[in-house]
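My questions will all concern the structure given below.
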Amino acid sequence: MTESEKLLTGTQAAEFLGVKPATLYAYVSRGMLDSVPGLTARQRSYRLSDLIRLRQSNRGYKASDSEDSTWTGPVIKSAITEIRDDGHYYRGVSAIELAKNGTAFEDVAELLWETNGDIESWQGQEPLPIPAHLADAAAEVDSLDLLKGLLVSAEMSDPVPGRLTADSIFETARRLIVTMPRAIVTDRGQDFPATTSIAENVLFALTGDSSKEKASLVNCALVLCADHELNASALAARIAASCDASLYSCLLSALSTFSGTSHGSASRRAEDIVGSSLKFDTTRAWLNDYLRKFEHIPGFGTELYSGGDPRARLLIEMAHSASDRDPRLARLEEIVACIRELLGLEPNLDFGLAAMSYALHLPPGSGTTIFAVSRTAGWIAHAAEQRSYGGSIRPRARYIGKA
């Protein structure tokens, strides 16, 4: 049976569409979806290919003419990132291999920006000033809000270099990313270690630890998260850039989009379900209880990879190698196995970031913070590329209101 011919049960189909079983049956009764005989006379099954087409049509996508296509939508030409079935590629280079080989995040950022710089271009960068009110609030305010505040402050104090057409735009970009870990640190009693990498600075900001071994896992996550083609936050950055907004405004648009619970903050939701599952004796008991209350499982499912998200797979493998003693990590791996067996779903990046956080004993929500710092490099690449195209992104609406 091919991937497109794969059959899902009613429960799996409802989970895949993100609807209640009653809604699934309504789709069948309206002729929007076909069902086929299941294992028993009372059961019905659903073709994965039919479910994919239905979900895409419900999201306003126009079906592709190609029978092999399982992903359609708005298309913008880009030379930054390509998504293939075995993973995503930065300008033709496998991000999975870059992460496995320990390539520094700084070098990956330069690759995305297509500059002549390297990790040495980041050494000695003077951080942007951090307003006192942000520093004072760091222990009580969400890290994404702190980063938004940093961008607003930078916009007000550094307006001219912030223009995407400025010759120094990537110098400004390096200073901004160097500043980000300093903006989220909660303990101001220690200074950042001298001449350290972004990965080490992020680890230090989150834990006060400067271990190079632990920082290598953080670096892996930074490399994997740096870009992922045209997701919602990248599109937000590109729309702002197409209107000639400044670098800071483009990033603020992207970060605001990223902060939504179904985008960058999904990693924290993945942590929450692992924590709640520990109240149950078995993972299966937790899953049965969870599916009675909720329709969607955070951290699972992706339409971009037929065999599951390679980013999650690598992060979970590395997290297990780094630490197999944390009970939360052990339960996370049990959840992955259970959901794979019962629902046929694979974990995505958000669950991989949760695994990394458990392995390194990071504070709750750290996966989202690491994701945001890393993806800033991708947003900058998208903003700069879009600005070079010229013209504004102006989609058209398909009117469905009253005549």
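Numbers here simply count residues along the sequence, with the first being 1. All of these numbers come straight from a predicted model, not from anything done at the bench.
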* Of all the heavy-atom pairs spanning Ser267 and Gly367, show the shortest one and how long it is. =>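 Closest pair (atom of Ser267, atom of Gly367, distance): OG-CA, 3.8 Å.
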* Asked: Is a side-chain donor-acceptor pair under 3.5 Å present for Ser246 with Ser249?
  ->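 A donor-acceptor contact under 3.5 Å links the two side chains.
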* Asked: Does the pair Arg328/Asp326 count as a salt bridge with the N-to-O cut at 4.0 Å?
  ->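 Yes, Arg328 and Asp326 are salt-bridged.
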* To do: Would you sort out whether Glu385 and Arg387 count as a salt bridge (charged side-chain N to carboxylate O under 4.0 Å, His left out), showing the intermediate values?
  => CA-CA 5 Å; Glu385 182 181 66; Arg387 185 63 184 84; over 6 Å; no
* Evaluate the side-chain proximity of Leu164 to Asp244: yes if any heavy-atom separation is below 4.5 Å, no if none is. =>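 Of all side-chain heavy-atom pairs linking Leu164 with Asp244, none is under 4.5 Å.
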* Any side-chain heavy atom of Glu333 within less than 4.5 Å of one from His320? ->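 Heavy-atom side-chain distance check passes, below 4.5 Å.
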* SB check Glu126 Arg175 (cutoff 4.0 Å) ->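 Answer for the salt bridge query: no.
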* Is the CG atom of Asn101 crowded by more than 12 outside heavy atoms at less than 6.0 Å? ->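 Check passes, neighbour count above 12.
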* Asked: Does any non-hydrogen side-chain atom of Thr196 lie less than 4.5 Å from one of Phe204?
  ->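 The answer is no, as the side chains (C-beta and beyond) never meet within the 4.5 Å cut-off.
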* Are Glu110 and Arg174 within salt-bridge range, i.e. N to O under 4.0 Å? ->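 Result for this pair is yes, salt bridge flagged.
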* Asked: What residues, two or more places apart in sequence or in another chain, satisfy side-chain contact (heavy atoms from CB on, under 4.5 Å) together with Asp272?
  ->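 Partners of Asp272 under the side-chain contact (heavy atoms from CB on, under 4.5 Å) test: Arg268.
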* **Ring centres under 6.0 angstrom apart (Tyr46, Phe16)** =>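 Ring centres of Phe16 and Tyr46 not closer than 6.0 Å.
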